[in-house]
There are 2 protein chains.
Amino acid sequence: MNTYHHSTEADVAEAIVSQLQARGLRRTAALRNLIREMVAHPAPGAIAHWAGLPSLRELNSVTLYRLMMKLEQADVVRGVHLGERAQCFQLIQPGPQPDYLVCTNCGDLQPVEAPAELRQMEQQLARQSGWQGVRHELEFFGLCPDCTAPHTEDQVHSTAR
Amino acid sequence: MNTYHHSTEADVAEAIVSQLQARGLRRTAALRNLIREMVAHPAPGAIAHWAGLPSLRELNSVTLYRLMMKLEQADVVRGVHLGERAQCFQLIQPGPQPDYLVCTNCGDLQPVEAPAELRQMEQQLARQSGWQGVRHELEFFGLCPDCTAPHTEDQVHSTAR
DNA sequence: GTAATTGCAAATACTTTGCCACGTA
DNA sequence: TACGTGGCAAAGTATTTGCAATTAC
């Protein structure tokens with residue numbers, strides 16, 4: 001489910017946890033389980049999504065919010081805005097981060113490769129106008145094939161992506 | 001403050017109201033004042049921003065939400081996600097809609113011209129994968145020059161915008 | 001032992017809904 | 001008159017904070 005070479009998911013997860021530990025975080029069950037789940041499921045998901053996974057069911061979602069914020073500050077995780085409601089989080093992957101095509105009806109997600117031009121624009125904006133740490137976020141919204149067919153079945157307003 | 005030719009802002013606002021009236025909306029003070037403000041201030045703003053403007057101070061913000069939804073459905077207004085918190089709304093302008101560079105500290109906003117390539121991608125995605133009504137949303141995030149200078153003055157966590 | 005972490009309760013922020021009075025056409 | 005609209009109260013959803021108990025190191 002991920003693209004690391006010669007490493008199991010468990011190895012990758014442990015490496016990330018160690019990296020975080022070196023940064024001052026503690027090797028708790030909550031942290032380990034969260035990282036394992038995020039390694040196993042690289043697609044972005046809202047807090048409610050992660051909170052619903054088996055190994056995280058017993059975790060208070062406040063803890064998830066706090067953990068996620070730390071992971072974001074440590075550049076291990078990034079937040080993306082794919083729905084109107086909740087922010088989604090995903091593990092940062094090597095190389096350029098994916099952007100997404102999102103179904104506004106069912107929340108279906110499809111990765112999309114952003115034009116390299118956007119990355120150039122980030123640097124250009126930084127140079128030209130003195131902004132720092134410029135990054136972009138790009139989403140495409142539309143109706144997926146399943147939701148395009150008119151009044152076929154009921155609409156899904158899933159909370160957890 | 002806008003780019004319509006040979007028309008005052010008041011004219012433009014009235015034209016939009018009439019267009020909405022033809023669609024079944026009623027020519028109420030709330031609608032007229034909101035449209036006037038949005039014509040006068042084309043930049044995107046959160047509900048709280050619009051609610052704070054002089055002519056809308058006395059308006060219940062629930063009404064603003066409801067109005068804004070109708071305007072969005074009528075393609076007179078569009079919503080954009082510029083902050084973590086509230087959705088922002090702006091009048092739809094003739095031609096391609098602007099994208100923005102947003103300061104993650106103070107919320108400062110700078111319009112940016114998106115690559116034409118993105119518009120091609122929208123159509124390409126629609127054709128290739130059977131999605132309908134594909135549109136994009138692009139934001140650049142960073143620290144503006146004012147907020148770049150370290151610990152100069154206090155942080156502004158403005159609610160409106 | 002010390003500092004980070006967790007859970008619980010509560011607060012905050014944003015948005016939506018129900019219901020009834022009122023205004024526009 | 002009839003239906004869209006506006007206000008108020010309340011509910012709903014997402015997120016954050018305070019504080020005390022617990023746990024990692």
- Please give, in whole Å, the distance from D:dT5 C1' to B:Met68 CE? 16 Å

- Query: For the pair made of CD in A:Glu72 and P in D:dT16, what is the distance, rounded to whole Å?
  - Reply: 10 Å

- Nearest-nucleotide check on DNA chain C, A:Gly24 vs B:Ile47; residue mapping nearer the 5' end is A:Gly24

- Query: Starting at CG of B:Asn33 and ending at C1' of D:dT5, how long is that distance when rounded to a whole Å?
  - Reply: 15 Å

- Closest approach of B:Cys144 to B:Cys103 (non-hydrogen atoms, all atoms of both residues): N-SG, 3.4 Å

- Give the rounded distance in Å between these two atoms: CZ of A:Arg32 and C1' of D:dA24. 11 Å

- Task: Among residues two or more places apart or on two chains, list those pairs meeting salt bridge (charged side-chain N to carboxylate O under 4.0 Å, His left out) that have a residue in residues 123-140 of chain A.
- Result: A:Arg135-A:Glu137

- Report the distance from atom NE2 of A:His49 to atom P of D:dA14, rounded to the nearest whole Å. 14 Å

- Message: Test question: given the 4.5 Å side-chain rule for I, L, V, M, F, W and Y, name all other residues clustered with A:Val134, or answer none.
- Response: A:Leu101, A:Val112, A:Leu118, A:Met121, A:Leu125, A:Trp131, A:Leu138, A:Phe140, B:Leu101, B:Val112, B:Leu118, B:Met121, B:Leu125, B:Trp131, B:Val134, B:Leu138, B:Phe140

- Message: Testing the 3.5 Å rule here: is there a donor-acceptor pair between the side chains of B:Arg32 and B:Ser55?
- Response: no

- Item | Distance-only donor-acceptor check, side chains B:Asp11 and B:Thr8, under 3.5 Å | yes

- Query: Out of curiosity, does B:Leu56 fall in the hydrophobic cluster containing B:Leu25 (side-chain heavy atoms, cut-off under 4.5 Å, transitive links)?
  - Reply: yes

- Can you find a side-chain donor-acceptor pair between A:Gln90 and A:Tyr100 that sits under 3.5 Å? yes

Check nucleotides 22-25 of chain C against the protein and report each pair of N or O atoms closer than 3.5 Å, with its distance, or say if there are none.
{"unit_1": "C:dG23", "atom_1": "N2", "unit_2": "B:Arg26", "atom_2": "NH1", "d": "2.1"}
{"unit_1": "C:dT24", "atom_1": "O2", "unit_2": "B:Arg26", "atom_2": "NH1", "d": "2.7"}
{"unit_1": "C:dA25", "atom_1": "OP1", "unit_2": "B:Gln21", "atom_2": "NE2", "d": "2.8"}
{"unit_1": "C:dA25", "atom_1": "OP1", "unit_2": "B:Arg27", "atom_2": "N", "d": "3.4"}

- Can you tell which of D:dT15, C:dT15, D:dG7 lies closest to the side chain of A:Gln87? D:dT15

- Message: Would you call the rings of B:His81 and A:Phe141 parallel, tilted or perpendicular, taking 30° and 60° as the class edges?
- Response: tilted

- Message: At less than 4.0 Å, is any side-chain N or O atom of A:Lys70 found next to OP1 or OP2 of C:dA4? Yes or no.
- Response: no

- Through what angle, rounded to 10 degrees, does the axis of the helix from C:dG1-D:dC25 to C:dA25-D:dT1 turn between its ends, using five pairs per end? 30°

- Item | Shared hydrophobic cluster for A:Leu64 and A:Leu31 (ILVMFWY, side-chain gaps under 4.5 Å) | yes

- Please examine the side chains of B:Ile16 and B:Leu91, heavy atoms only from C-beta on, and report whether any two atoms are closer than 4.5 Å. yes

- How many Å lie between CZ on A:Arg57 and C1' on C:dT6, as a whole number? 20 Å

- Item | Summary of salt bridge (charged side-chain N to carboxylate O under 4.0 Å, His left out) pairs that have at least one residue in residues 55-80 of chain B, sequence neighbours excluded | none

All N/O contacts under 3.5 Å from nucleotides 16-20 of chain C to the protein, with atom names and distances to one decimal?
{"unit_1": "C:dG18", "atom_1": "O6", "unit_2": "B:Arg66", "atom_2": "NH1", "d": "3.3"}

- Item | Nucleotide D:dG4, atom C1' - distance to CD of B:Gln73 in whole Å | 14 Å

- Message: If I take atom CG in residue A:Asn60 and atom P in nucleotide D:dT22, what distance separates them, rounded to the nearest angstrom?
- Response: 16 Å

